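Some notes on the structure that comes next.
These figures come from a predicted structure and were not determined experimentally.
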Amino acid sequence: MPKSRVRKKKVYSSSGVSKSSTSGESYEPSPMWVPITAVALIVIGIGWLTLFYLSGMAYPVASWEYWNLAVGFSCMVAALLVLSKWR
């Protein structure tokens, strides 16, 4: 029966070479506006929905009626989209 070849394992060392410099891709940290904007959108969305329910559906904009829910949830979805850019 033929013998299988023995695979050589890669030797991992903590040399000063990082993975990002060898692959050609550079990962830079996100700008500071990304998490600030995301948190602001989450707070605005939750605040909008809370105000809508606690006011008996009279505020923030009474003429929009249930579209106020769409505004609140849209703010939170926008925050998720902004957070997808965060590294």
Side-chain angles (χ1 to χ4, degrees):
M1 177 178 275
K3 250 186 169 178
S4 64
R5 286 188 272 168
V6 177
R7 292 185 218 162
K8 293 182 182 178
K9 293 184 179 180
K10 292 182 181 179
V11 177
Y12 295 103
S13 64
S14 61
S15 63
V17 180
S18 67
K19 187 176 183 178
S20 64
S21 65
T22 59
S23 65
E25 299 176 19
S26 75
Y27 294 106
E28 297 177 7
S30 298
M32 195 61 180
W33 65 267
V34 173
I36 293 172
T37 304
V39 169
L41 283 170
I42 291 171
V43 169
I44 289 169
I46 292 173
W48 192 283
L49 293 173
T50 304
L51 181 63
F52 177 67
Y53 278 116
L54 290 179
S55 68
M57 300 180 203
Y59 294 107
V61 183
S63 62
W64 289 359
E65 297 176 357
Y66 286 104
W67 284 103
N68 284 302
L69 294 174
V71 172
F73 284 115
S74 296
C75 285
M76 291 189 283
V77 168
L80 289 175
L81 293 175
V82 169
L83 283 173
S84 70
K85 305 293 182 196
W86 192 21
R87 293 186 190 168

Query raised in the report: Can you check side-chain contact (heavy atoms from CB on, under 4.5 Å) on Met76 and Leu41, steps first, answer last?
Result: CA-CA 6 Å; Met76 291 189 283; Leu41 283 170; over 6 Å; no

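- Using modelled atom types, one side-chain atom of Trp48 and one backbone atom of Asn68 make a donor-acceptor pair closer than 3.5 Å.
- No continuous path of hydrophobic side-chain contacts links Leu80 to Ile46 [ILVMFWY only; heavy atoms under 4.5 Å].
- In this structure, Phe52 CZ and Trp67 CH2 are separated by 12.0 Å, a value rounded to the nearest 0.5 Å.
- Smallest separation of non-hydrogen atoms from Ala79 and Ile42: CB-CG1, 3.5 Å.
- The OG atom of Ser55 lies 11.0 Å from the OH atom of Tyr53; values are rounded to the nearest 0.5 Å.
- In the hydrophobic cluster analysis, where Ile, Leu, Val, Met, Phe, Trp and Tyr join through side-chain heavy atoms closer than 4.5 angstrom, Leu69 is grouped together with Met57.
- No side-chain donor-acceptor contact under 3.5 Å links Thr37 to the backbone of Val34.
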